[in-house]
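Okay, structure first, notes after.
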Amino acid sequence: MPELAEVEFFRRRWHEAGAGQIVRAARVLARSRVYRGLAREFRGGANALARALAGRRFAESGTHGKQMWFGFTERNAKRGADALWVGVHLGMTGELLVEHGGYAPAKYDALVLELERCTLVFNDPRQFGRVHAWLGPEGTRPPWLRDLPPVVTAPEFSAEAVRDYLARHARAPLKAVLLQQERFPGIGNWMADEILWRAGLHPALPAGRAARLANRLHAAVREVAEDALRVIAGAGGPLPPDHNANIPDTWLFLHRWRDGGRCPHTGRPLRRAVIGGRATCWSPARQRAPRFTKEFEQKETKPTKKHPKSKTHRSSQST
DNA sequence: CACGATGTTCCCTG
DNA sequence: CCAGGGAACATCGT
């Protein structure tokens with residue numbers, strides 16, 4: 001579920017329920033894969049994190065693309081005291097939940113924060129998500145929040161930056177380019193399709209051929225990001241009950257997975273194929289690339305061989 | 001039973 | 001060395 005708007009939705013859900021409260025107890029599912037690598041940035045890993053959280057105050061939170069963070073200060077803020085930062089990436093199936101009353105942890109609850117008046121839960125069955133943690137002087141930022149690219153709603157995210165990026169990845173399909181977090185932080189599979197659909201660009205079009213259309217693509221990225229934030233995360237307004245409660249029927253989103261789905265704009269059938277390694281949906285009637293479409297259709301008809309990969313080595317990682 | 005899923009990272013190849 | 005493609009990761013729902 002997690003692209004930038006859902007990420008903001010979940011951050012707000014935790015923040016509005018729990019900000020300002022003390023962590024009475026923290027529980028971690030230490031064997032969850034979301035803690036992979038944590039010990040390298042936080043001594044003692046997941047269990048040490050649970051101990052460090054207890055007694056702290058949930059003070060602040062923020063997002064950057066698909067990354068979000070929560071800041072925990074010491075209960076009685078002393079001068080020069082270290083703040084504890086917890087980063088959360090939701091991966092493919094992660095969710096942030098708010099529970100009340102005596103909450104019994106469920107399967108795949110990677111992190112459970114028992115606060116004064118509610119319980120905050122990070123649940124992730126598939127465990128592609130990730131938890132970061134870092135202890136540092138207040139006013140400083142953890143390493144994973146430094147040197148981040150501009151978010152797509154910031155002025156620094158310019159049409160020129162998009163044009164340069166398209167030119168630099170000239171041979172990659174537009175779909176693959178939009179998924180690059182180093183330039184389009186927070187854009188994921190459905191937003192990429194939504195953007196290309198609104199811009200009227202074919203997802204398999206090589207980026208180099210779209211460089212001259214960078215303005216249009218840039219505008220669509222902005223527009224989809226702003227609309228999604230408003231509709232999904234209720235930016236500036238109340239938080240919707242579910243992240244997809246208010247998505248308009250006029251978006252591609254609601255039609256993309258339905259078999260026999262039709263373009264909400266043209267009424268013509270939608271097409272689906274794997275492009276840039278990801279399931280992709282587009283409206284052929286709306287997203288044409290003259291001269292190019294033909295090539296793509298040809299490529300499409302080629303028998304897609306999938307060899308039953310012979311698994312060989314897998315170097316075990318050390319330290 | 002088999003396939004595929006709103007993500008990232010590593011490995012392989014050209 | 002670089003860019004791009006594909007598999008792996010782990011689980012659940014259709």
Side-chain angles (χ1 to χ4, degrees), chain A residues 1-10 29 31-37 40 63-68 87-96 106-110 122-132 144 164-197 203-208 224-225 228-229 231-233 242-245 247 251-259 272-281 299 302 304-318:
Chain A
M1 323 210 149
E3 299 182 24
L4 62 83
E6 291 93 347
V7 168
E8 174 63 9
F9 170 87
F10 286 121
L29 183 65
R31 69 167 181 280
S32 173
R33 202 170 167 268
V34 303
Y35 295 109
R36 62 193 180 283
R40 282 198 294 272
T63 66
H64 183 286
K66 294 173 188 170
Q67 182 66 43
M68 73 186 109
V88 177
H89 191 297
L90 297 170
M92 199 85 104
T93 53
E95 278 187 298
L96 299 190
K107 209 175 177 185
Y108 307 119
D109 278 355
F122 169 35
N123 179 278
D124 184 8
R126 222 168 146 187
Q127 303 164 62
F128 290 176
R130 184 160 214 146
V131 171
H132 291 285
W144 25 275
D164 289 350
Y165 201 76
L166 293 175
R168 209 167 299 140
H169 299 270
R171 293 183 310 184
L174 282 180
K175 173 62 181 278
V177 168
L178 280 174
L179 293 174
Q180 297 306 306
Q181 303 298 296
E182 63 178 4
R183 177 46 66 199
F184 304 97
I187 302 302
N189 205 32
W190 78 257
M191 287 186 82
D193 284 359
E194 196 79 34
I195 289 162
L196 292 168
W197 177 70
L205 184 68
V224 169
L229 282 166
V231 163
I232 293 172
D242 296 303
H243 51 79
N244 53 7
I247 297 181
W251 290 19
L252 180 64
F253 183 89
L254 292 182
H255 308 266
R256 52 176 294 131
W257 298 126
R258 277 221 319 266
D259 233 13
R272 280 145 58 172
V274 172
I275 298 175
R278 304 297 303 280
T280 300
C281 178
K299 229 192 281 183
K302 276 191 205 157
T304 325
K305 46 65 214 281
K306 30 181 54 169
H307 34 178
K309 73 311 183 117
S310 60
K311 100 156 340 168
T312 45
H313 51 48
R314 186 107 204 96
S315 61
S316 60
Q317 52 206 22
S318 51

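Numbers restart at 1 for each chain; the letters A, B, ... are given by sequence-line order, proteins then strands. The model shown is predicted, which means the values in this text are computed figures rather than measured ones. Because only heavy atoms are used, hydrogens play no part in the values below, and waters and symmetry mates are left out as well, while side chains stay in.
In this structure, Y165(A) atom OH and dC2(C) atom C1' are separated by 13 Å, rounded to whole Å. Rounded to an integer number of Å, the gap from CZ of F184(A) to C1' of dT8(B) is 18 Å. For K175(A) and dG6(C), the NZ to P distance is 14 Å, given to the nearest whole Å. Note: CZ (R272(A)) to C1' (dA5(B)) measures 12 Å, nearest angstrom. Distance L178(A) CG to dG4(C) P: 13 Å, rounded to the nearest Å. With rounding to whole Å, D193(A) atom CG is found 10 Å from dG7(B) atom P. Taking atom CH2 on W251(A) and atom P on dT6(B), their separation rounds to 17 Å, with Å as the unit. The interatomic distance linking R36(A) (CZ) with dC9(C) (P) rounds to 12 Å, in whole Å.
The phosphate of dC12(C) (OP1 or OP2) has a side-chain N or O of Y108(A) nearer than 4.0 angstrom. At dT6(B), none of the side-chain N or O atoms of K66(A) fall inside 4.0 Å of OP1 or OP2 (strictly under the cut-off). Taking 4.0 angstrom as the limit, R126(A) places none of its side-chain polar atoms (N or O) nearer than this to OP1 or OP2 of dA5(B). Phosphate proximity of dT8(B) to H89(A): present, with a side-chain N or O under 4.0 Å from OP1 or OP2. Proximity of R278(A) to the phosphate of dT6(B): a side-chain N or O atom is located under 4.0 Å from OP1 or OP2.
Comparing the C1' positions of dT8(B) and dG13(C) gives a spacing of 23 Å, expressed to the nearest Å. For the C1' atoms, the distance linking dG6(C) with dG4(B) amounts to 16 Å, nearest Å. Atom name P, nucleotides dA7(C) and dC3(B): the rounded distance is 13 Å, in whole Å.
Each of R130(A) and R171(A) was matched to the nucleotide of DNA chain B holding its nearest heavy atom; the match closer to the 5' end belongs to R130(A). Remark on DNA chain C: of its neighbouring residues Q127(A) and H169(A), the 5'-side contact belongs to H169(A), judged by nearest-heavy-atom nucleotide.
Note that the CD atom of Q181(A) and the CG atom of L4(A) stand 9.0 Å from one another [nearest 0.5 Å]. With rounding to the nearest 0.5 angstrom, the CG atom of D124(A) is 7.5 Å from the CG atom of L90(A). The CZ atom of R36(A) lies 9.0 Å from the CD atom of Q127(A); values are rounded to the nearest 0.5 Å. Separation of atoms CH2 (W251(A)) and CH2 (W197(A)) is listed at 10.0 Å; rounding is to 0.5 Å.
The R256(A) side chain lies nearest to dT6(B) when the options are dG7(B), dT6(B), dG4(C). Distance from the side chain of N189(A) is smallest for dG7(B) among the nucleotides dC12(C), dG7(B), dA5(B). Side-chain atoms of W190(A) lie closest to dT6(B) of the nucleotides dT11(C), dT6(B), dG4(C). The nucleotide whose nearest atom lies closest to any side-chain atom of E3(A) is, among dG4(C), dT6(B), dC12(C), dT6(B).
With centroids closer than 5.5 Å and planes inclined by less than 30 degrees as the test, F128(A) and the base of dC9(C) pass as a stacked pair.
Ring geometry for F253(A) against W190(A) counts as perpendicular: the plane angle is over 60°, on a 0 to 90° scale with 30° as the lower cut.
Using a 4.0 Å heavy-atom distance criterion, G188(A) is classed as a sugar-phosphate-only contact. Residue contacts for A176(A): at a heavy-atom cut-off of 4.0 Å it reaches no nucleic acid atom on any strand shown.
Here dG7(B) sits opposite dC9(C) as a Watson-Crick or G-U wobble pair (both hydrogen-bonding atom distances under 3.5 Å).
A donor-acceptor pair shorter than 3.5 Å can be found between the side chains of N189(A) and K175(A).
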